[in-house]
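A short write-up of the structure that comes next.
Note that the numbering runs from 1 along the sequence shown for the chain.
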Amino acid sequence: MTIPDGVVVLVRQGCHLCDEAVPVVAAVCASAGVPWACLDVDSDDDLRDRYTDHVPVTFVDGTVLSYWFVDPRQLESALATR
C-alpha cells in the first residue's frame with residue numbers, strides 16, 4: 001500500500017505511543033486547518049511488514065516525519081513548508 005498524500009499516522013490498537021501521538025497530530029492539524037487520517041498498520045500486510053515495530057509512524061505527503069513520537073513543532077514546520 002502506498003501512503004496517501006496529506007498527514008497520515010500509522011497506528012495499532014493497544015499501542016500506548018499511538019494513543020499519545022494521535023492527539024498531538026489532531027491538535028496541530030486542526031490549528032493549521034489541515035486534514036489528517038489514521039491508518040491501522042495491521043490492515044495491510046506490506047505496511048505491517050515495513051513498520052510493525054515503528055508505530056506510530058507520522059507521514060507528511062508520503063514522507064516519514066517521525067517514528068514513535070510526534071514533535072508538534074516539527075509537524076508545524078513540515079506543514080508550513082509543504
Side-chain angles (χ1 to χ4, degrees):
M1 168 184 267
T2 302
I3 301 297
D5 282 344
V7 178
V8 176
V9 184
L10 289 184
V11 297
R12 170 178 281 129
Q13 277 194 326
C15 169
H16 72 281
L17 293 177
C18 299
D19 293 342
E20 293 173 11
V22 166
V24 173
V25 172
V28 171
C29 288
S31 177
V34 174
W36 65 282
C38 280
L39 286 177
D40 186 330
V41 72
D42 295 317
S43 69
D44 181 87
D45 291 340
D46 181 49
L47 292 178
R48 184 176 47 250
D49 290 346
R50 289 173 47 201
Y51 300 107
T52 192
D53 294 335
H54 298 100
V55 293
V57 185
T58 305
F59 297 83
V60 176
D61 294 331
T63 301
V64 173
L65 179 71
S66 63
Y67 296 100
W68 302 298
F69 304 97
V70 180
D71 179 331
R73 290 184 189 151
Q74 182 185 27
L75 180 54
E76 289 168 353
S77 177
L79 293 178
T81 59
R82 58 191 291 237

Query - Asp5: partners by salt bridge (charged side-chain N to carboxylate O under 4.0 Å, His left out), with sequence neighbours left out - result: none
Report task. Of all the heavy-atom pairs spanning Cys15 and Pro56, show the shortest one and how long it is. Result -> SG-CD, 4.2 Å
Query raised in the report: When clusters are formed by joining ILVMFWY residues with side-chain heavy atoms under 4.5 Å apart, either directly or through shared neighbours, do Val22 and Val64 land in the same one?
Result: no
Query raised in the report: Any idea how Trp68 and His54 line up, ring-wise: parallel (<30°), tilted (30 to 60°), or perpendicular (>60°)?
Result: tilted
**Report entry** Exercise: identify the closest heavy-atom pair between Leu65 and Gln74
**Finding:** O-NE2, 3.5 Å
Query raised in the report: Given the rule that I, L, V, M, F, W and Y join up when any side-chain heavy atoms are under 4.5 Å apart, are Val57 and Val41 in one cluster?
Result: yes
Requested in this report: Consider only side-chain heavy atoms of I, L, V, M, F, W and Y, link residues closer than 4.5 Å, and tell whether Val25 and Val28 are in one cluster.
Outcome: yes
Report summary line: dist Leu10:CG -> Tyr51:OH (nearest 0.5 Å) comes out at 7.0 Å
Query raised in the report: Leu39 and Val8: which non-hydrogen atoms are nearest, and at how many Å?
Result: CD1-CG1, 3.8 Å
Query - Pair Leu75-Val24, side chain to side chain contact (heavy atoms under 4.5 Å, CB included): steps then yes or no - result: CA-CA 9 Å; Leu75 180 54; Val24 173; 5.5 Å; no
**Report entry** Thr52 backbone acceptor or donor facing Arg12 side chain under 3.5 Å
**Finding:** yes
Requested in this report: Step by step, work out the side chain to side chain contact (heavy atoms under 4.5 Å, CB included) result for Ile3 and Leu47.
Outcome: CA-CA 9 Å; Ile3 301 297; Leu47 292 178; 3.8 Å; yes
Report task. Quick one: which residue pairs count as a salt bridge (charged side-chain N to carboxylate O under 4.0 Å, His left out) with a foot in residues 68-82, not counting sequence neighbours? Result -> Asp61-Arg82
**Report entry** Set of residues satisfying ring pair (Phe, Tyr, Trp, His ring centres under 6.0 Å) with respect to Phe69, sequence neighbours excluded
**Finding:** none
Query raised in the report: Looking only at heavy atoms, which two atoms of Cys18 and Val11 are closest? And how far apart?
Result: SG-CA, 3.7 Å
Query - From CG (Asp45) to CG (Asp42), nearest 0.5 Å - result: 9.5 Å
Query raised in the report: How far does CG of Leu79 sit from CH2 of Trp36, to the nearest 0.5 angstrom?
Result: 12.5 Å
